[in-house]
Amino acid sequence: MSRDNCYYLTTPIYYVNDVPHIGHAYTTLACDVLSRFKRLDGFDVMLLTGTDEHGQKVEKSAQAAGLEPQDFVDKVSQNFRDLADVMGFSNDDFIRTTEAKHARSSQAIWQAIERNGDIYLGSYSGWYSVRDEAFYGEEELTEGDDGKRLAPSGAEVEWVEEPSYFFKLSEWGDRLLKFYEENPDFILPETRRNEVVSFVKSGLRDLSISRTSFKWGIPVPGDDAHIMYVWLDALTNYITAVGYPDTGTEKFEKYWPAIHMVGKDIVRFHAVYWPAFLMSAGVAPPKRVFAHGWWTNEGEKISKSLGNVIDPLQLVERYGLDPVRYFLMREVPFGNDGDFSHRAMVNRINGDLANDLGNLSQRILSMINRNCGAAVPEPGPLTDSDRVFLESARSVINSVRAEMEIQGIHRALEAIWAVIGDANRYVDAQAPWELRKSDPDRMNTVLYVSAEVLRHLGILVQPFMPGSAAKLLDQLGQSDDVRDFSKLGEGGALTPGLALPKPAAVFPRYVEDESPAAAE
RNA sequence: GGCGGAGUAGCUCAGUUGGUUAGAGCACGGGAAUCAUAAUCCCGGUGUCGGCAGUUCGAGUCUGCCCUCCGCUACCA
């Protein structure tokens, strides 16, 4: 069992054959935000991402590129490390399934499953699509223009008949259902859980877990003619990274089991096959599988053939990193599908960021800068409304924490933004610009309270927008060692007299380029 | 076909175990203010809560039927 103050979160490992797109960025971003939150909250966090580098498709792509598979994957896996860099991801490790330790781990889990009597040799035949890495039934196929048979996805299929090892998944149905029953939050959101439960209830078939038709993979222990089926290989990365098969190590014991973040398309692999593999191998199943939704682009489904794939690097270039991070986490209830549009993006940037939070910090800090000698003012006695306002900012961490615990990322942001709304109302109601002449002491108090709330906001916003939050906290004179959640509340309160730098805009407005050239 | 989810203000969505005049944000209209990134604040909705019927003193919230959309899954020609 993992320790209470440890938090292990994984992204799927990304298939190197893909070019990184918004879906990859979105999954890892959510994990990054959750991880940063936990670190600030005092947890020992391990965030894992990486690349899935085996399989027939990779083998063929390498061949087409005139490269050895290893050289090919070395090259393309770099794309995903570059993405992590641009997006500011804070992953603690980047695993690659071509690493030696992963082959050892995968073979070990195979052997453990085998010892448990859940593997047998049989043979598999059927129509197989290399592109989809899936078998199809005869009736699902259509005929293409050239007479070739096509999968529902449009991919070509070929008749494959080969010996294969099977995992006795059919015998795991009841145990899986019992596990879901005893762990109602194992699969989130609930709608995905329902799907999985009904899938398992409908009866499971044994799972083919090896191939002989290609070589680019991890050999089956004791039978080199076979390589391990790509999903068993891929899923095992989650325990490889914490040291499997050495389960007695500190690393394994404190981190495993993990929370797996996945796209809704791969829920079954994570919520059915994977726990079954693990239980068979005598390893604890994951803590949770959270499946998020997909993005559309300006209302349209995203597809390569439509040519409307969203490149996260371009988004960052156009809107800036933190606005993109904020938008992706705020715009859509996490778990639902959502639509990306330029208009919605600009609304979030100018509304939530520039107007609400950006302008709030600017108005508070510039009043302090101009009227309080550029230093944190000395507060006088607090009024009831001061106290209520301060308390709401100090306690919002409780609801934010509760939401983050169940991956309610958008609701966590809503709670923070409610404080921002309160803050703007507070400043308006107290009108420190009038107090400047009528009651300077009271002005000092109001600005102190405002700045103190702003400090809380800066701290809270860090997981979502690390760069912007840092700028804000810099302007409040907060050193790096006073920015974690233990400093929320009265204990970390601003020290009167602390000199503050000249304020500068943290969230600039997005101004549309109105030039004729931009109108295309 | 089966299972599941959804259908609430122009848009995106909240609405605990059925109970006072159904909410938020955005958008839109009016006003105030001028510390601030032309930012902020206040005020403004006669929404058939998909439709019909029912249970109830009372239903967005429960029951039945129907319509539409989505997801998972099965099968047949």
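Atom set for the values below is all heavy atoms of this structure, side chains included, hydrogens, waters and symmetry mates excluded. Each chain gets a letter, A, B and so on, in the order its sequence line appears, and its residues count up from 1.
Within a heavy-atom distance below 4.0 Å of RNA chain B, no residue of residues 446-475 of chain A is found.
When each of S202(A) and L357(A) is assigned the nucleotide of RNA chain B bearing its nearest heavy atom, the one mapping closer to the 5' terminus is L357(A).
The CG-P distance, from L353(A) to U40(B), rounds to 12 Å in whole Å. Atom pair I368(A):CD1 and A36(B):P shows a separation of 13 Å (rounding to whole Å applied). The separation between R192(A) atom CZ and C70(B) atom P is 14 Å, rounded to whole Å. Nucleotide G71(B) holds its C1' atom 15 Å from the NE2 atom of H292(A), rounded to whole Å. The distance from atom CD of E414(A) to atom P of A24(B) is 13 Å, rounded to the nearest whole Å.
Side chain N355(A) to base A39(B): no donor-acceptor pair is found below 3.5 Å.
The partner of A33(B) is absent, by the rule that a Watson-Crick or G-U pair needs both atom distances under 3.5 Å. Both distances falling under 3.5 Å, in either a Watson-Crick or a G-U wobble arrangement, place C72(B) opposite G2(B). The base-pairing partner of A24(B), taking Watson-Crick or G-U wobble contacts with both distances under 3.5 Å, is U12(B).
A perpendicular orientation is assigned to the rings of F277(A) and W274(A), their planes being inclined by more than 60° (bins at 30° and 60°).
Each of T10(A), T11(A), L9(A) was evaluated against T49(A); a single residue qualifies, T11(A), per the side chain to side chain contact (heavy atoms under 4.5 Å, CB included) test.
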Is there any protein nitrogen or oxygen under 3.5 Å from a nitrogen or oxygen in nucleotides 2-8 of chain B, and what are the pairs?
residue, atom, partner, partner atom, Å
G4(B), O2', N194(A), ND2, 3.1

Give every pair of a protein N or O atom and an N or O atom of nucleotides 25-35 of chain B that lie under 3.5 Å apart, one pair per line with the distance.
residue, atom, partner, partner atom, Å
C35(B), O2, R363(A), NE, 3.2
C35(B), N3, R363(A), NE, 3.4
C35(B), N3, R363(A), NH2, 2.6
C35(B), N4, R363(A), NH2, 3.1

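Nucleotides C62(B) and C57(B), compared at atom C1', are 16 Å apart to the nearest Å.
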